[in-house]
*Asks:* 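Before anything else, here's the structure in question.
Per chain, numbering begins at 1; letters A, B, ... match sequence-line order.
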Protein chains: 2
Amino acid sequence: MKIGEFASQLGVSTDTLRYYEKHKLLMPSRRTSAGYRDYCHSELKQMRFILRAKHVGFSLAEIKELLQIKFHKQQHSCNEVKELTIQKRDLIAQRIDELTRFHQSLTILADTCCGGKEPANNCSILSTLEDLDGLN
Amino acid sequence: MKIGEFASQLGVSTDTLRYYEKHKLLMPSRRTSAGYRDYCHSELKQMRFILRAKHVGFSLAEIKELLQIKFHKQQHSCNEVKELTIQKRDLIAQRIDELTRFHQSLTILADTCCGGKEPANNCSILSTLEDLDGLN
DNA sequence: CTTGACCTTAGTGTGTACTCTAAGCTTTAT
DNA sequence: ATAAAGCTTAGAGTACACACTAAGGTCAAG
Ligand SMILES: [Zn+2]
Ligand SMILES: [Zn+2]
Ligand SMILES: [Zn+2]
Ligand SMILES: [Zn+2]
């Protein structure tokens with residue numbers, strides 16, 4: 001299968017596939033005599049693995065690690081896979097906490113502002129950012 | 001005040017201050033005869049505004065908009081400021097939702113894996129990413 | 001036999017917020 | 001007088017995940 005059809009079956013761009021190849025996430029094993037990439041069924045499966053891993057939040061660098069483990073399952077333990085998963089989850093939890101703090105501060109700011117059409121001379125949002133430390 | 005002292009009073013790096021100047025967030029009004037930046041009290045206040053805005057989650061581009069409004073309060077309404085704040089908050093809410101989905105998926109994955117020391121041949125995390133669509 | 005769709009590579013651009021480097025001037029302290 | 005510390009600039013590098021471009025080769029249909 002050439003790159004165009006392969007890409008459209010997966011709903012990704014050909015650029016993405018070439019990018020993944022350059023970064024060693026998915027290397028088609030064969031080329032045609034003209035030098036065209038020739039993808040096969042197992043590469044389809046691998047690309048689905050990559051997309052599912054992305055869908056649950058793994059970065060490409062992390063997916064590369066997961067693929068290494070998948071290729072050499074004997075050399076790696078369940079524990080290792082679980083650790084990767086949990087570390088990623090905890091990192092995401094931290095980011096959620098940070099964003100939640102932002103969300104709360106912004107809500108407080110927005111709630112105190114009248115939102116009217118008059119000039120912003122006395123806007124409570126601006127004055128809070130200027131002077132006070134009424135946030136958290 | 002020269003850049004080094006100014007920076008340490010605010011807890012930022014001199015690089016950061018030069019970066020903000022290049023991007024028109026904070027332009028010291030004077031230079032010494034030797035060409036050194038000379039910061040004054042009002043620039044200290046402005047930098048504090050910037051840092052507070054960052055602290056509640058605004059990006060530098062958004063802070064630049066807020067500063068424009070702050071400098072020309074007559075030309076802008078309370079409504080405008082409130083809109084910026086609410087739009088930012090809603091964008092953050094979207095991002096939180098996405099991360100929360102990641103978090104849930106990763107928790108499901110982690111919970112099904114035994115996490116033991118045996119080889120990862122039958123690791124449920126890997127097999128879920130390979131075959132099944134047991135996530136969301 | 002030519003048109004158009006598809007493929008190739010290498011390289012550049014995007015957005016965010018800095019951080020670091022090199023090469024050279026100024027100020028301060030000894 | 002000199003050495004250390006601090007200042008200047010322009011420009012490159014970092015992370016992430018691609019998107020886009022140019023210049024050219026290949027393949028199937030009419
Ligand atoms: Zn108002
Ligand atoms: Zn207001
Ligand atoms: Zn296990
Ligand atoms: Zn497992």
Side-chain angles (χ1 to χ4, degrees), chain A residues 1-40 43 47 49-67 87-88 91-92 94-95 98-99 102, chain B residues 1-40 43 47 49-67 87-88 91-92 94-95 98-99 102:
Chain A
M1 204 182 336
K2 281 188 288 185
I3 196 171
E5 195 192 342
F6 189 71
S8 69
Q9 278 205 23
L10 287 158
V12 302
S13 73
T14 57
D15 275 333
T16 298
L17 290 170
R18 294 197 194 92
Y19 179 82
Y20 285 6
E21 183 175 345
K22 189 195 287 186
H23 291 267
K24 306 198 189 300
L25 285 152
L26 180 70
M27 331 276 286
S29 37
R30 291 195 312 272
R31 294 275 180 138
T32 69
S33 53
Y36 288 12
R37 288 168 183 81
D38 188 11
Y39 291 92
C40 70
E43 280 133 18
M47 189 62 188
F49 180 96
I50 294 171
L51 293 176
R52 284 193 202 98
K54 261 180 72 74
H55 185 251
V56 300
F58 285 112
S59 70
L60 296 187
E62 290 155 349
I63 293 172
K64 212 167 151 183
E65 277 192 81
L66 288 173
L67 286 170
Q87 276 179 28
K88 181 65 184 183
L91 211 76
I92 287 174
Q94 279 182 32
R95 180 70 177 141
E98 185 185 16
L99 290 178
F102 289 165
Chain B
M1 204 182 336
K2 282 188 288 184
I3 196 171
E5 195 193 340
F6 190 71
S8 69
Q9 277 205 22
L10 287 158
V12 302
S13 73
T14 58
D15 275 332
T16 298
L17 290 171
R18 293 197 195 92
Y19 178 82
Y20 285 5
E21 182 175 347
K22 189 195 288 186
H23 292 266
K24 305 199 188 301
L25 284 152
L26 180 69
M27 330 276 287
S29 37
R30 292 193 312 270
R31 295 275 181 137
T32 70
S33 52
Y36 287 13
R37 287 168 183 82
D38 187 11
Y39 292 92
C40 71
E43 281 134 16
M47 190 63 189
F49 180 97
I50 293 172
L51 293 176
R52 284 194 201 97
K54 262 180 71 74
H55 182 75
V56 301
F58 285 113
S59 69
L60 296 186
E62 289 154 350
I63 292 171
K64 211 167 152 182
E65 275 192 83
L66 287 173
L67 286 170
Q87 276 178 28
K88 181 66 184 183
L91 211 76
I92 286 173
Q94 280 181 33
R95 181 70 178 140
E98 186 186 15
L99 290 177
F102 289 165

*Asks:* Tell me: OH of Tyr39(B) to C1' of dC7(D), nearest whole Å?
*Replies:* 11 Å
*Asks:* Give the angle between the helix axes at the two ends of the helix from dC1(C)-dG30(D) to dT30(C)-dA1(D), taking five base pairs at each end and rounding to 10°.
*Replies:* 30°
*Asks:* Under 3.5 Å, side chain of Asp38(A) to main-chain N/O of Met1(A), donor-acceptor pair present?
*Replies:* yes
*Asks:* Where each residue is assigned the nucleotide of DNA chain D containing its nearest heavy atom, which of Ser33(A) and Phe58(A) is assigned the position nearer the 5′ end?
*Replies:* Phe58(A)
*Asks:* Measure OH/Tyr36(A) against C1'/dT26(D) and give the value in whole Å, please.
*Replies:* 4 Å
*Asks:* Can you tell me how far P of dC7(D) sits from CZ of Phe6(B), to the nearest Å?
*Replies:* 13 Å
*Asks:* Please give, in whole Å, the distance from dT9(C) P to Tyr19(A) OH?
*Replies:* 17 Å
*Asks:* Just one of Leu26(A), Val12(A), Thr14(A) clears the side-chain contact (heavy atoms from CB on, under 4.5 Å) bar with Phe6(A), so which one?
*Replies:* Leu26(A)
*Asks:* Would you call Arg95(A) and Glu98(A) a salt bridge, using N to O less than 4.0 angstrom?
*Replies:* yes
*Asks:* Got a donor-acceptor contact below 3.5 angstrom from the Glu43(A) side chain to the Cys40(A) backbone?
*Replies:* yes
*Asks:* Arg30(A) CZ to dC7(C) P: how many Å, rounded?
*Replies:* 16 Å
*Asks:* To the closest 0.5 Å, what do you measure between CG (Leu17(B)) and CG (Leu10(B))?
*Replies:* 7.0 Å
*Asks:* Respond yes when some side-chain nitrogen or oxygen of Thr16(A) is under 4.0 Å from OP1 or OP2 of dA19(D), and no when none is.
*Replies:* yes
*Asks:* Nearest 0.5 Å please: distance from the CG atom of Leu66(B) over to the NZ atom of Lys64(B).
*Replies:* 13.0 Å
*Asks:* How long is the line joining CG of Leu17(B) and C1' of dA17(C), in whole Å?
*Replies:* 13 Å
*Asks:* Please figure out whether Thr14(A) or Lys22(B) has its closest DNA chain C nucleotide nearer the 5' end.
*Replies:* Thr14(A)
*Asks:* To the nearest Å, how far apart are Asp15(B) CG and dA10(D) P?
*Replies:* 14 Å
*Asks:* Base, sugar-phosphate, or nothing: which does Lys54(B) touch, judged by heavy atoms less than 4.0 Å apart?
*Replies:* sugar-phosphate
*Asks:* Taking the side chain of Ser59(A) as heavy atoms from C-beta outward, which of dA17(C), dT8(D), dA17(D) is closest to it?
*Replies:* dA17(D)
*Asks:* If only side-chain N and O atoms of Tyr20(B) are considered, is one of them under 4.0 Å from the OP1 or OP2 phosphate oxygen of dC18(C)?
*Replies:* yes
*Asks:* Looking at NZ of Lys2(B) and CZ of Arg37(B), how far apart are the two atoms once the value is rounded to the nearest 0.5 Å?
*Replies:* 13.0 Å
*Asks:* Just grab all the salt bridge (charged side-chain N to carboxylate O under 4.0 Å, His left out) pairs involving residues 4-13 of chain A, residues at least two apart or on different chains.
*Replies:* none
*Asks:* Leu60(A) CG to dA19(D) C1': how many Å, rounded?
*Replies:* 15 Å
*Asks:* Determine: side-chain N/O of Arg31(A) to OP1/OP2 of dT9(C), distance under 4.0 Å, yes or no.
*Replies:* yes
*Asks:* Hey, which of these two, Ala34(A) or Ala61(B), hits DNA chain C nearer its 5' end, going by closest nucleotide?
*Replies:* Ala34(A)
*Asks:* When we call it a touch if two heavy atoms are under 4.0 Å apart, what does Thr32(A) touch: a base, just sugar-phosphate, or nothing?
*Replies:* nothing
*Asks:* Can you tell me if the side-chain N/O atoms of Arg37(B) get under 4.0 Å from OP1 or OP2 in dT8(D)?
*Replies:* yes
*Asks:* With a 4.0 Å limit, can you tell me whether Ser13(A) has a side-chain N or O closer than that to the phosphate oxygens OP1/OP2 of dA19(D)?
*Replies:* yes
